[in-house]
Number of protein chains: 2
Amino acid sequence: METQTRDADATRARILDAATRLFIEHGFAAVSMRRLAEASDVTKSLIHHHFGNKEQLWEEVKETAFQTYARKQQEMLETAEQSDAELLVSSVRAYFSFLRENPGVVRLFAWTHLEEDQTCGRSDRDLVALGARRIREAQEQGLLRADVNPTHVVTLFVNACTHWFEARSHHSEWEGIGTDDEYLEDFIRILMEGLTPRKD
Amino acid sequence: METQTRDADATRARILDAATRLFIEHGFAAVSMRRLAEASDVTKSLIHHHFGNKEQLWEEVKETAFQTYARKQQEMLETAEQSDAELLVSSVRAYFSFLRENPGVVRLFAWTHLEEDQTCGRSDRDLVALGARRIREAQEQGLLRADVNPTHVVTLFVNACTHWFEARSHHSEWEGIGTDDEYLEDFIRILMEGLTPRKD
DNA sequence: AATTTAATTGACCGGTCGGCCAGTTAATGG
DNA sequence: CCATTAACTGGCCGACCGGTCAATTAAATT
């Protein structure tokens, strides 16, 4: 069991790891099976043995990555319980931090969006629905303004966070642009002020 | 001059058009010179004659596309003059409409972001700076809250619009998601309510 | 009309692509 | 201990890759 010369699961995992890394970095079309074989230290034939063909490997890379993503997000959301304005703020912060620490996730979503792959949308469908439900609860309690679609609130904060990291190299050329944290705080300020009911 | 059998400029433009279309659709790596030649109805050698190599053609595609993008945006902004809250709203609407009618622009930005190309950031640098200046003016007049970075306001509305179209296939799987216009109106509602100074 | 210039072609190059297949080798279990 | 199974290898295939080059052809210049 110790000095095992063959371990199918480990080999499979090694290939999947290398494939995930390379596909996320360079995209599906720009990575060859030979490069994949070299990076995972196996022969090209062995990749075909374990995964079929290049497309199937790519699908499995996406599937497992999205699964991991959804699981982590689920864990984050489960800890929170209350459904007030503070929950929304902490959710935004948590999501923003998650993307900052997992830049590969941002790129993977970007690649799949460009190939119009809809499977990724189903990965966080339930998360979004849950978030929207929490917002609706807060709306019904009068804690958040009720004239906006809760799902759009979730979408807005996903868009504001995701595209910040996706277009970082783009924004960095803009004058007056601030740090990650400064942008996040400004966004939260606008979002929460925009969602809090007015007294006047 | 009429029945000209050779027209270098026209040929060049035909190649550039086909390349723009195919690169935007499939990405740089997934498009071959042979496919490009077929799509623009010329020989592969002729593309090399006019553009050098594949990378240079890609660079020229991006350059001209971003130039067109910047020019159109500039035109839109020049018509507007006042610098109050309404200008911000109409700018958001205009930008949103522009992206809806030019889905290729969204994809082109996405491709270039994935290859960490920073040249695209310089294409709208001046536009963003101008928008930020207008917002700052409105802040100084007390028309918009002054405790947020004007550049971040521009960034936020770019992010909110761009990523809406970029991740359309993703969002469409979410329950409760609305139409383009419904999302836009909700975003404007939150943004403007979040930016308007409070009296209470 | 002769000459020069440049747009355009087709054949060809070495290299790489994804995939396949016939073996070899190591674990399994009867 | 031997048969079966499956992990794993190396070599090969036809197709396609980006790029080059000499030749052809049409326009521009003289």
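So that the names make sense, note that chain A is the first sequence line, chain B the second, and so on, each numbered from 1. Fair warning: this is a prediction, and the values are worked out from it, not measured in the lab.
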Quickly work out the [X] [atom1] to [N] [atom2] distance and round it to whole Å.
X: B/Lys54; N: D/dC16; atom1: NZ; atom2: P; answer: 15 Å
X: A/Lys44; N: D/dC12; atom1: NZ; atom2: P; answer: 13 Å
X: B/Ile15; N: C/dT9; atom1: CD1; atom2: C1'; answer: 13 Å
X: A/Trp58; N: C/dG18; atom1: CH2; atom2: C1'; answer: 17 Å
X: B/Met33; N: D/dT20; atom1: CE; atom2: C1'; answer: 12 Å
X: B/His48; N: D/dA22; atom1: NE2; atom2: C1'; answer: 17 Å
X: B/Arg35; N: D/dC16; atom1: CZ; atom2: C1'; answer: 13 Å
X: A/Glu38; N: D/dT9; atom1: CD; atom2: P; answer: 14 Å

Would you mind telling me which of [options] lies closest to the side-chain atoms of [X]?
X: A/Thr5; options: C/dA27, C/dT8, D/dG19; answer: C/dA27
X: A/Val42; options: D/dT9, D/dG11, D/dT20; answer: D/dT9
X: B/Thr43; options: D/dA7, D/dT9, C/dT8; answer: C/dT8

Any sub-3.5 Å donor-acceptor pair from B/Arg107's side-chain atoms to B/Glu25's backbone N or O? yes
Can any side-chain N or O of A/Trp111 pair as donor or acceptor with the backbone N or O of A/Ile24 at less than 3.5 Å? yes
With heavy atoms under 4.0 Å as the rule, sort B/Ser32 into base, sugar-phosphate or nothing. sugar-phosphate
Just to be sure I understand the rule, does A/Ser45 reach a base, reach only the sugar-phosphate, or reach nothing, if contact means heavy atoms closer than 4.0 Å? base
Any N or O donor-acceptor pair under 3.5 Å from the base of C/dT8 to the side chain of B/Arg6? no
B/His50 side chain N/O closer than 4.0 Å to the phosphate oxygens (OP1, OP2) of C/dT8? yes
On the nucleotide C/dT8, are OP1 or OP2 found under 4.0 Å from the side-chain N or O atoms that B/His49 carries? no
How about A/Asp124 and B/His170: does a side-chain donor come under 3.5 Å of a side-chain acceptor? yes
Regarding A/Glu75 and A/Arg71, does a basic nitrogen lie under 4.0 Å from an acidic carboxylate oxygen? yes
Evaluate the criterion salt bridge (charged side-chain N to carboxylate O under 4.0 Å, His left out) for residue pair A/Glu115 and A/Lys62; output intermediate values, then yes/no. CA-CA 12 Å; A/Glu115 53 185 52; A/Lys62 287 189 289 186; 2.7 Å; yes
